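A note on names: the letters A, B, ... follow the listed sequences, proteins ahead of strands, and every chain is numbered from 1. In this text, all values refer to a predicted model and were calculated from it rather than measured experimentally.
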Amino acid sequence: MQAETKTTVDQTSGASGAPVSVLRFSGDISSTSKDSLLGAWQSVHDGPVLLDFTKVDYINSSGIALIIQMLMEADKTGRKVAAFGLTPHFQKVFTMVGIAKYAGLYKDEPTAAASL
Amino acid sequence: MQAETKTTVDQTSGASGAPVSVLRFSGDISSTSKDSLLGAWQSVHDGPVLLDFTKVDYINSSGIALIIQMLMEADKTGRKVAAFGLTPHFQKVFTMVGIAKYAGLYKDEPTAAASL
Amino acid sequence: MIPTAGTSVEVRLPSRLGFEKVAMGTAASVAQLMGFPPDRIEDLKTAVAEACINAIEHGNRLNEKLSVGVILSATADGLEVKVVDNGTGMEKQPPKPDIDRKIHGEEDPRGMGMFLIQALVDEAEWVHDSKGKGSYVRLVIRLDKDSEFDKESK
Amino acid sequence: MIPTAGTSVEVRLPSRLGFEKVAMGTAASVAQLMGFPPDRIEDLKTAVAEACINAIEHGNRLNEKLSVGVILSATADGLEVKVVDNGTGMEKQPPKPDIDRKIHGEEDPRGMGMFLIQALVDEAEWVHDSKGKGSYVRLVIRLDKDSEFDKESK
Ligand SMILES: Nc1ncnc2c1ncn2[C@@H]1O[C@H](COP(=O)(O)OP(=O)(O)O)[C@@H](O)[C@H]1O
Ligand SMILES: Nc1ncnc2c1ncn2[C@@H]1O[C@H](COP(=O)(O)OP(=O)(O)O)[C@@H](O)[C@H]1O
C-alpha cells in the first residue's frame, strides 16, 4: 500500500577532493523503508555520506526514526553526514526534531558536498 | 467557496503584425466565472483573440459552457480565437467537447499568436 | 501496491459548489496509492468533480442540509467510485452534446457533465432511487488499461 | 472564501498504513478551498498524517475491520480536524523527544509523531474514550495567523 523506497548508492567528492558516498532515495520514507535505507547505509564504505532527498515524495515520523538510526551509526563511527533536496517544509521538520544538529541540511548537492 | 477567476486583458500582435487581444485567466473557470469571463470578452475591441489558460487551476463543465459562449460571440462576429497554456488533460477535454473545432489549441503564446 | 479488493474510503461533503474539489483531492490520493498513472488520475478527478457537481446541483438542489457521499472502493482490477445524492435521479440520459448546435445557439451551451464522465472513465452507470436510499452514479477506472486504447474500444 | 462555520467534511479510512495519505489529500483540498497558504497546508498534511498513523497503529491496532474517521470542520477563524479511532486513547502524553538521547541510544528513535503534531498546528488536544465512543485527537489551524509568529508565541 505504501510507495516503495528505492535507494541507490553513488560516489562523489567532498571539499578536499576526498571520496563521499551518496545515498539517493526515492518514493516514500516510512515504516516500510527500513531494509532499503539501512541496507544501503550498511553497503557504503568509510568516509562522509550525503543523503539525497530530491526524489522523495513523503516522509513520516517512522521514516524520520530510520534516518535517526543512520545518524546513530554515523555518530558511533565518527562519520559526517549532510542532506540535500528536502522541501522547505521538511527542512523545517528535520530542524524541529533535531536532525539538523547531526546532519547539515543544504539546498543542493554541490553545497552539501562542499560541507563535507 | 470557489477560487475567484481573474481575467486581465492584454494586447499582442499576430502573424501579420495585426493587433491581437489576449484574455489571461487565473484561478478557477466554473459557474462563478461568468462575469469575469464574459465581462472581459465584451471589453475587447475587434480582431482576433487569444485565451491564456497558463494560470488556471481548475475548469469544470460550467466553465466550459462559458468558454463556448465566448466562441458563440466570436463566431457571430467572424473573429478568430486561439488558446494556449492548457494542460494535456484539458487539451484532451477541450477536444472531446469540440472546442478545438472553434479555437486552435496551442502549447504557448508565440505559437498561438502566429496562428491568428 | 493495489489495496485488497474490498478496501474502501468514504467521504461526505456538504451540498455546496466548490466542495467537489475535496472529492477530487481524495479520489486523486486513493488512485495514487493504487498506482494509477498521472493521466488517468486527471481523468478520474474530472469525472468525480462532474459527478459531485451534478449531485450537489441536480440531486440535492444545493440544499446544504443534505450531503453528498463519495465511496471509493478498490476492486480486483481498478477503482470504483459511487457518488450518492438524496435526489430521485434521472428518467433518461440527456443527448450527446453537439458543439455545432451549441455554437449556433440551437442547444444550451451547458449539458456536458455526463458526456465528459462517460468519455473519461471505463464504465459509468446512473442508478436512480428506488426505495428512498438515494440515487448514485457509479464510475469505474481500470488499472491495467491504457486510456486511449480503452476509449477506442468503446 | 471561508466556508460558513459549521460546514464539515468527513472521511472514513481503513486501518491500514498508507491510507493516511488519503486523509492528507482530503485535508489539503479543504484547506486550499479555505484559502490557507501553501506552507500551512504542508504543516496540516504532516499533522493529519501523523494523527492517522497513530489512530491506525495504536488506536485501532492495524485491525482492518475498524476504520479511522477524519472530520474536517470550518470554524469562524480556521479549520478543526478530529481524527477518531476505536481505541481507549492514552493515559498521559509521552515526553518530548530528545535528539541527543536518541543519537546516543538512550531513547527509542521513534516517538516523534505527537511532538510533530503539536509543533505544526495551532492547537492539539488528545481526548480519550470515556463512553465507548472512540478516542480522538483534535487539531486546529487558524487562518489569520502567521505560522512562524504562532510557533514563537507557544
Ligand atoms: N445526480 C443527478 N440527479 C438528478 N438529475 C441529474 C443528476 N445528474 C444529472 N442530472 C440531469 O441530467 C442533466 C445533464 O447533466 P450534465 O450532462 O451533467 O449537464 P448539466 O449539469 O450542465 O445540465 C442535468 O441537467 C439534470 O437534469
Ligand atoms: N490514537 C492513539 N491511541 C492510543 N495511543 C496512542 C495514540 N496516539 C499515540 N498514542 C501513544 O502515544 C505514543 C507516542 O506516539 P507518537 O509520538 O506518535 O510516537 P510513535 O507512534 O512513534 O510511538 C505511542 O507510542 C502510543 O503509545
Can you tell me how far the [atom1] atom of [X] sits from the [atom2] atom of [Y], to the nearest 0.5 Å?
X        : Y       : atom1 : atom2 : result
D:Asn54  : A:Ser61 : CG    : OG    : 7.0 Å
D:Lys102 : A:Asp75 : NZ    : CG    : 15.0 Å
D:Leu17  : A:Asp28 : CG    : CG    : 11.5 Å
D:Arg110 : A:Ser62 : CZ    : OG    : 4.0 Å

Closest approach of [X] to [Y] (non-hydrogen atoms, all atoms of both residues):
X        : Y        : value
D:His104 : A:Tyr102 : CE1-OH, 3.8 Å
A:Met72  : D:Gly105 : CE-CA, 3.8 Å
A:Tyr58  : D:Glu20  : OH-OE2, 2.6 Å

Quiz item: Do A:Lys92 and D:Asp39 meet the salt-bridge criterion of a basic N to acidic O distance under 4.0 Å?
Solution: no

Exercise. Kindly indicate whether the side chain of D:Glu42, heavy atoms from C-beta on, has any atom under 4.5 Å from the side chain of A:Val93.
Key: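 Not in contact.
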
Quiz item: Do A:Ile68 and D:Ile99 have side-chain heavy atoms sitting under 4.5 Å apart?
Solution: yes

Is it the backbone or the side chain of [X] that comes under 4.5 Å from a heavy atom of chain A, or both, or neither?
X        : value
D:Ile103 : both
D:Asp98  : neither
D:Glu50  : side chain

